Each structure stands twice: as C-alpha cells, then as structure tokens.
Amino acid sequence: MNKGSDDSDDDDYIDDADLGDWRSFRKTLVDSDFTDEESSDKITDGFMGEDDLDLGEVSSSSEDAATNNAKEKRPKSVSKANEELLKTQSKSLAKEYVEGIWAHVSSFAEVGGLVVRLPLEAEIYRSREKLTIGKELKHRLEANYTDNTNDNKPLLSNNDESKSFKPDLSFSLTAAQTLLWFRKSQTLIDEQMADIAALADESGQIDPRQLEPTAESLLKIYLDNQESWQEVGLVAERNEMTGNAVTYVLNRPMAFRLTENLARLVLFGASSAMEDGGVAVSEMNWYTKFLRAFESSCAVYIGGPDHMEKKGVIIHGISDLEGAVEISPGTGIYRGGMEAAVDGVLEGRFNPLDFRFFIGCHDYKNGDLDVNIYSNKYQPIACTRALALKQCIQLPKPLWHEVMELCGGELREMSRLELMKRDDIEE
C-alpha cells in the first residue's frame, strides 16, 4: 500500500507495518483491566425481578458489544485443563498463552483476529430491529412478557436440571440482563419450532405457504445457524477495497493421525485422494517424506465449505520458516512453508503439532463477511496469536467457549448459558 502525496489523506492512512505496534498497545489496554463499578452489584439466590433490569443498556450489535465489554474485567484464565493440555502439545506456545493471553470483542474483522458464530438466541436478540422474529422478541421484552409463567419465577432455579454444569448464582448486572433476554429468546424459539413442527403432514413435509411470518423468519436463520454452529474462524485475508475475505475454521478437526489418503488430500487435493492407488513417480519422494514426518501426529481441520477440492493450507507461528508468509504484519501467524516444515519435523527441530493443516475455507466475496457480521451472525474478536494457533484436539473446554469467556462481559455469559444445555462438559 503506497501513501498518496495529498497531505489531507494522512489521517486515513495506516501503514501495515505499524499494526504490530498497535496490537502491542491494545494488549496493554486490555491488560489494564477496566471494570464497571455498577457490574459489581451482586444478585443473590438466583433471583432478580424482570422489572429491575434496564434492557436499554444491553448491547445489540458487534459495535455496542465492543463498547460495553470494554467496561468488564476480562479473565486471564478460563480453563486450567486446556492450559495443561497445551503444555503437552507445545511448551513454547503454552508459555506464551499463560503469560500473555488476551481477547476482546471488536466491531470489525481484522486479519489475524477471529470471528465466532453467535448463538441463535443472540442473533435474534441483536437483530430485534431488523428481523420479524427479532421484533417479536423486542415486543415481548418491552411488554415484560412472562413466558406464560408466574411473574416471580426466578431467572435461574436452585433446582436447575443443568446436569454437570452448575452456574454461579451470584452474578453481575450484565449476567442478569443477558440471562433475561437469552431465556426469552429461547422460549420464543421453542414456541415457533413447535408451531412449525405442527404443520408437518404425515410424510413430515411442511408447506412453506402455511408458515406465519415470525416462524418463517426463524426457520431461515435457524438452518443457517445449525450449519455453522459455534464456529471459530481465523481471518487470514481481508481486502477492504473488494470486500473479499478468507477465514479458516479452527474448531472442526478432521483427523489427528495421517493416513495415505489423507496425506494425498493435504498434499495434492481431492482428485488425488480419490484415485485408487497412487502418487505420481515425480511426487513419490515428497509424499513419502510427508508421511514419515506426520504419520504419528497430524492435526488436519475442515477449514470451511469452499475450495475443499484443493490441497491443504498450513498455518503456524514459526517466523523463520522458509517459504512462510505472515498473514498480516505483527500477527505472528504464518501461512505456507510446507517443505521446510516437513524437513524441520524430520530433523527434530519442530513438533508435528506446531502446524495446522486446513482442507477448505470460507471464501467470502463482495463484503459477505461484513454482511454476516452486520447481520449479527458472527462476532469479530481481536486476540493474541496463541489463541488462534493452539490446537483444537479433544479440548476439555471447547474452543468456542474458551474464546467467548476470555472476552468477558456479555460473551462470557452467553458461553455459560450455552454450557447449561450440555451434559458432556465438566466445569
């Protein structure tokens, strides 16, 4: 990017080389632990009357979330079990993680940062001025709608059947506000899905012409949400001029060990993996070296639905790896350098789990990623590189929850509420 000669453009120009310093400065701000004194007010016994909550202060967009979460104290650690696992995979990355982990919400996607798929309840709530289903939720919130139950029902019951996850019943105003709209959104979803199911004929088919506007609005976003449920994507490319962007989904592991077919898929693409037998004679030496290097341990992920027929992409944090290119200055995240990676593993200089391989990606065109963010499907997050580079292999706490909780504020509360739906995660 070349700077123009017109001095009037100086304020609009940011040199990519300066981004590293900006990230360091931002980390310092995050480490200062801004807190909201009002959030320290405690609510005990799991009860808060709905009339006591000021819904006007709850965030309704990515930009609002970025502002509100800046007031919340962010945790330095959200899963000791995850940290212990990382130590077995990469001591250097684990040290970097423990000593300097940070993450916070942002109003836009940046290269080297993340985009996380929001829960359906949050998508509806944040779109309460746009979607038909969102407007219905807004109406219920404004009318102090009681979900057809007693007005004095606690937002959380001490007899909650939340299986293994037991929420802290003493929480902040942010937690109480989030719990209120999340629960009402959940109730609205359940009601509408029941109405939709009731329209099915004997063969299970539904005539879309019978759907009420609210149900139709829900069904459209429900199906899309299920396809990308709790995705955490690394933003690897973003062009502000064209609106094009590329992300790799970090938490869709495909395999942890290398097979011959998988090796061919990573090295040569889908057409080679589908062929019976072989590898071209000219490629056999390279193929054999790759197998030797990664056959015992290899982290391969489904990066997204686009370009899955192409050969895999390698992502890592090794700055001096020959052939590797930093995805953006200052991120410390690199793409490429496959041959040097193989040689380094065989020579014992690198660990196989220093590298991630991605099959496919999300390839956004003409501002589609920005549209998804504006539509409240995804929340952009700025973070330290350790969070993006760590492996997502049988994590005790799923990566989506780890990222959300590190951000603190409303995102942390969403994570806790989502955990209450599961009985397979020990807190």
Side-chain angles (χ1 to χ4, degrees), residues 50 53-69 105-109 115-148 177-200 206-231 233 243 245 362 364-381 400 404 409-411 413-415 417-418 421:
E50 293 175 357
L53 300 185
D54 181 4
L55 293 173
E57 294 183 2
V58 183
S59 62
S60 59
S61 68
S62 297
E63 186 172 355
D64 292 338
T67 301
N68 290 343
N69 280 322
V105 297
S106 176
S107 57
F108 63 94
V115 285
V116 297
R117 191 59 159 96
L118 290 171
L120 184 60
E121 291 87 348
E123 183 178 347
I124 292 172
Y125 174 70
R126 291 187 176 189
S127 301
R128 62 190 183 276
E129 303 290 346
K130 308 171 188 176
L131 299 178
T132 301
I133 184 76
K135 292 176 181 178
E136 172 60 23
L137 176 62
K138 179 183 178 182
H139 169 73
R140 295 186 180 198
L141 288 168
E142 290 179 344
N144 197 21
Y145 183 74
T146 60
D147 300 337
N148 295 321
Q177 290 173 324
T178 305
L179 177 58
L180 174 60
W181 64 252
F182 195 96
R183 190 189 72 170
K184 289 194 177 295
S185 185
Q186 220 171 15
T187 300
L188 178 58
I189 292 169
D190 291 343
E191 290 176 0
Q192 294 300 316
M193 293 304 293
D195 290 345
I196 292 171
L199 295 175
I206 296 175
D207 183 351
R209 294 172 297 182
Q210 295 181 291
L211 293 174
E212 295 292 332
T214 302
E216 183 180 7
S217 176
L218 171 62
L219 195 57
K220 288 178 180 178
I221 62 173
Y222 176 86
L223 297 174
D224 180 68
N225 188 278
Q226 292 299 298
E227 289 180 359
S228 52
W229 178 78
Q230 291 192 356
E231 275 189 357
H362 279 288
Y364 296 97
K365 303 295 185 184
N366 303 317
D368 285 346
L369 177 58
D370 294 328
V371 169
N372 281 343
I373 292 169
Y374 178 75
S375 301
N376 299 305
K377 298 179 185 296
Y378 287 89
Q379 171 66 58
I381 290 174
W400 186 87
M404 295 281 281
E410 188 179 58
L411 296 196
E413 303 311 324
M414 289 187 208
S415 171
L417 291 165
E418 285 291 306
K421 299 177 183 179

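Since the structure is predicted, the reported quantities are computational estimates derived from the model, not experimental observations. For the numbers below, each heavy atom of this structure counts, side chains included, while hydrogens, waters and symmetry mates do not.
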Kindly list each side-chain donor-acceptor pair under 3.5 angstrom involving residues 206-215, sequence neighbours excluded, with atom names and distances?
residue : atom : partner : partner atom : Å
Asp207  : OD1  : Arg209  : N            : 3.0
Asp207  : OD1  : Arg209  : NE           : 3.1
Asp207  : OD2  : Arg209  : NE           : 3.2
Asp207  : OD2  : Arg209  : NH2          : 3.0

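For the side chain to side chain donor-acceptor pair (under 3.5 Å) test, residues two or more places apart in sequence or in another chain that qualify with Glu129 are Lys138. For the ring-ring contact (aromatic ring centres under 6.0 Å, His included) test, residues two or more places apart in sequence or in another chain that qualify with Tyr364 are His362. In terms of the side-chain contact (heavy atoms from CB on, under 4.5 Å) criterion, Lys135 has no residue partners (sequence neighbours excluded). With sequence neighbours excluded, no residue forms a salt bridge (Lys or Arg N to Asp or Glu O under 4.0 Å) with Glu231. Checked against salt bridge (Lys or Arg N to Asp or Glu O under 4.0 Å), Lys365 has the following partners two or more places apart in sequence or in another chain: Asp363.
The two residues Ala109 and Val115 have their closest heavy-atom pair at CB-CG1, 4.0 Å. Looking at every heavy atom in both residues, Ser107 comes nearest to Pro380 through C-CG, 4.2 Å. Across all non-hydrogen atoms, the minimal contact from Phe182 to Pro119 is CE1-CB, 4.3 Å.
Taking CD1 from Ile189 and CG from Leu120, the interatomic distance works out to 4.0 Å, rounded to the nearest 0.5 Å. Note that OG1 of Thr178 and CD of Glu410 are 4.5 Å apart. Values are rounded to the nearest 0.5 Å. Rounding to the nearest 0.5 Å gives a distance of 10.5 Å between CD1 of Ile133 and CG of Leu219. Separation of atoms CH2 (Trp229) and CD (Glu418) is listed at 7.5 Å; rounding is to 0.5 Å. Note: Ser375 OG to Asp370 CG = 10.5 Å, rounded to the nearest 0.5 Å. If you take CG on Leu188 and CZ on Arg140, they are separated by 4.5 Å, rounding to the nearest 0.5 Å.
Side chains of Tyr125 and Leu137 form a contact here, defined as non-hydrogen atoms less than 4.5 Å apart. Annotation: side chain of Asp224 is in contact with side chain of Arg117 (closest heavy-atom distance under 4.5 Å). Contact annotation: the side chain of Leu417 approaches that of Leu179 to within less than 4.5 Å [non-hydrogen atoms, C-beta and beyond].
Of the candidates Arg126, Arg128, Lys421, Lys421 is the only one forming a salt bridge (Lys or Arg N to Asp or Glu O under 4.0 Å) with Glu121.
Within a 6.0 Å sphere centred on NZ of Lys130, heavy atoms belonging to other residues, nucleotides or ligands number more than 12.
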Self-check item: Derivation and outcome, side-chain contact (heavy atoms from CB on, under 4.5 Å), residues Tyr222 and Met193
Solution: CA-CA 10 Å; Tyr222 176 86; Met193 293 304 293; 4.0 Å; yes
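In terms of modelled atom types and a separation under 3.5 Å, the side chain of Gln379 and the main chain of Ser106 share a donor-acceptor contact. Within the 3.5 Å criterion, the main-chain N or O of Leu411 finds no donor-acceptor partner in the side chain of Ser415.
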